[in-house]
Protein chains: 2
Amino acid sequence: MDADKVFKALGDPTRRRLLDLLCEKNGQTLSQLCENLDMARQSATQHIDLLEAANLVSTVKRGREKLHFINPVPLHEVYERWVRKFERQRLSLLHDLKQELEGEDQ
Amino acid sequence: MDADKVFKALGDPTRRRLLDLLCEKNGQTLSQLCENLDMARQSATQHIDLLEAANLVSTVKRGREKLHFINPVPLHEVYERWVRKFERQRLSLLHDLKQELEGEDQ
DNA sequence: TTGACATGCAGGTATTTACCTGCATATTAC
DNA sequence: GTAATATGCAGGTAAATACCTGCATGTCAA
């Protein structure tokens, strides 16, 4: 997993919208996806290229169409690497801050 | 939670490194953090400002020092909104893609 | 009180990003 | 075969980003 590509891919509202659209209906074509975006098809393609580079979306060509599918694996890996780690320490991290704030008041 | 700010904050290796540093030792000063980064202090400050804007880091002033603390809450919210959603559909999404690939072979 | 230290603030620049337009190619339908 | 459709590819621009340097301010300690 390339955390940089995954987070950068997720760091744009258009690309998150694309993932949501595919979550509603997987396997849509480029044209179908574009109907729900307010930009030129070519611009959407560039966003999709980044999602593909981050391995968040896989595509299959069928005739002249290109079908798009979500790949949830990188998101899971992001969770394992970046969320669970902090999640485990969540209470103690908040405890550190609370202690510091109380120290200030005294 | 502002998903855009959180993902954009996470979409940079320096800022992820800062979070890792704070995970190792919470409550560090700006100078301490800078010792582990290969850039000017002012540049690190700009990265920290983004982490603060995303609410991933909170700070407390103590005398002439500024202490930095991780806030794990936004990461948890990202997980709830962006990871669990796809996680729940993980198997069915992969099923869609598998079906499509098999359809191509026939 | 003065020098050292920690941080803040104000620009300046090179690179990346997110759009666009115009045109080319490939597939399908009549 | 030809027109319509779906996508690919090549540039061009404005804004955002990630750095930097230089200087100002505030705090501590001798």
Side-chain angles (χ1 to χ4, degrees), chain A residues 2-22 25-54 56-69 100 103-106, chain B residues 2-22 25-54 56-69 100 103-106:
Chain A
D2 184 331
D4 212 58
K5 287 184 181 173
V6 173
F7 282 125
K8 279 185 174 144
L10 292 168
D12 179 277
T14 299
R15 294 192 285 271
R16 290 196 301 277
R17 175 111 179 88
L18 281 166
L19 290 181
D20 270 339
L21 287 170
L22 288 179
K25 184 176 185 311
N26 214 10
Q28 295 187 65
T29 66
L30 176 58
S31 302
Q32 285 176 309
L33 291 170
C34 283
E35 285 169 15
N36 294 285
L37 297 179
D38 193 26
M39 61 177 59
R41 171 184 55 80
Q42 292 90 332
S43 307
T45 297
Q46 290 178 321
H47 285 296
I48 290 169
D49 287 346
L50 292 186
L51 289 170
E52 285 193 67
L56 286 162
V57 164
S58 300
T59 59
V60 175
K61 292 213 75 172
R62 188 179 63 188
R64 63 181 161 182
E65 293 176 322
K66 190 181 179 188
L67 308 184
H68 299 76
F69 297 85
E100 187 59 35
E104 282 294 292
D105 291 332
Q106 286 158 17
Chain B
D2 185 331
D4 212 58
K5 287 184 181 173
V6 173
F7 282 124
K8 279 185 174 143
L10 292 169
D12 178 277
T14 299
R15 293 191 286 270
R16 290 195 301 276
R17 175 112 179 87
L18 282 166
L19 290 181
D20 270 339
L21 288 169
L22 288 179
K25 184 176 185 310
N26 215 11
Q28 294 187 66
T29 66
L30 175 58
S31 302
Q32 285 177 309
L33 292 170
C34 282
E35 286 168 16
N36 293 285
L37 296 180
D38 193 27
M39 62 177 56
R41 171 183 55 81
Q42 292 90 333
S43 307
T45 297
Q46 290 178 321
H47 285 295
I48 289 169
D49 286 346
L50 293 187
L51 289 170
E52 285 192 68
L56 285 163
V57 163
S58 300
T59 60
V60 175
K61 292 212 77 173
R62 188 179 62 187
R64 63 182 161 181
E65 293 176 321
K66 189 179 177 189
L67 308 184
H68 298 76
F69 297 85
E100 189 56 41
E104 283 294 293
D105 291 333
Q106 288 157 16

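Just so it is clear, the structure is predicted and the values come from calculations on it, not from any experiment. Worth knowing before you read on, the calculation uses all heavy atoms, side chains too, and leaves out hydrogens, waters and symmetry mates. Each chain gets a letter, A, B and so on, in the order the sequences are listed, and its residues count up from 1.
Rounding to the nearest 0.5 Å gives a distance of 6.0 Å between CG of A:Leu67 and CD of A:Glu65. Atom CG of A:Leu33 sits about 10.5 Å away from atom NZ of A:Lys66, to the nearest 0.5 Å. To the nearest 0.5 Å, atoms CG (B:Leu18) and CG (B:Leu50) are separated by 10.5 Å. In this structure, CD in B:Gln28 is found 8.5 Å from CD in B:Glu35, a value given to the nearest 0.5 Å. In this structure, the separation between CG on A:Leu37 and CG on A:Leu21 is 6.0 Å, given to the nearest 0.5 Å.
Protein atom NZ of B:Lys61 is 18 Å distant from nucleotide atom P of C:dC5, rounded to whole Å. Atom-to-atom, CD of B:Gln32 to P of C:dC5 comes out at 15 Å; the value is rounded to the nearest Å. Rounded to a whole Å, the CG atom of A:Leu50 is 11 Å from the P atom of C:dC19. Counting to the nearest Å, the C1' atom of C:dT17 and the CD atom of A:Gln42 are 17 Å from each other.
Protein chain A touches strand DNA chain D; the 5'-most and 3'-most nucleotides with an atom under 4.0 angstrom of its non-hydrogen atoms are D:dA4 to D:dC9.
Over its length, the helix from C:dT1-D:dA30 to C:dC30-D:dG1 turns its helix axis by 30°, as judged from the five terminal pairs at each end, rounded to 10°.
Of the possible polar contacts, none joining the B:His68 side chain to the B:Thr59 backbone as a donor-acceptor pair under 3.5 Å is found. Side-chain N or O atoms of B:Arg15 include none that pairs as donor or acceptor with a backbone N or O of B:His47 at under 3.5 Å.
Along DNA chain D, the nucleotide nearest A:Lys8 and the nucleotide nearest A:His68 are compared for position; the residue whose nucleotide lies closer to the 5' end is A:His68. Summary of the strand contacts: B:Ser31 and A:Gln46 both lie near DNA chain C, and taking for each the nucleotide with the nearest heavy atom, the more 5' one is attributed to B:Ser31.
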- prompt: So B:Asp4 and B:Lys8, salt bridge (Lys or Arg N to Asp or Glu O under 4.0 Å) or not? Walk me through it.
  reply: CA-CA 6 Å; B:Asp4 212 58; B:Lys8 279 185 174 143; 2.9 Å; yes
query: Run the side chain to side chain contact (heavy atoms under 4.5 Å, CB included) check on A:Thr14 and A:Arg17 step by step: do they pass?
result: CA-CA 5 Å; A:Thr14 299; A:Arg17 175 111 179 88; 5.5 Å; no
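For the pair A:Val60 and A:Phe69, the minimum side-chain heavy-atom distance is below 4.5 Å. Between B:Leu56 and B:Leu10, the closest side-chain pair of non-hydrogen atoms falls below 4.5 Å.
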statement: Each nucleotide of nucleotides 25-30 of chain C classed B (base within 4.0 Å of a protein heavy atom), S (only sugar-phosphate) or -, in 5' to 3' order, makes --BS--
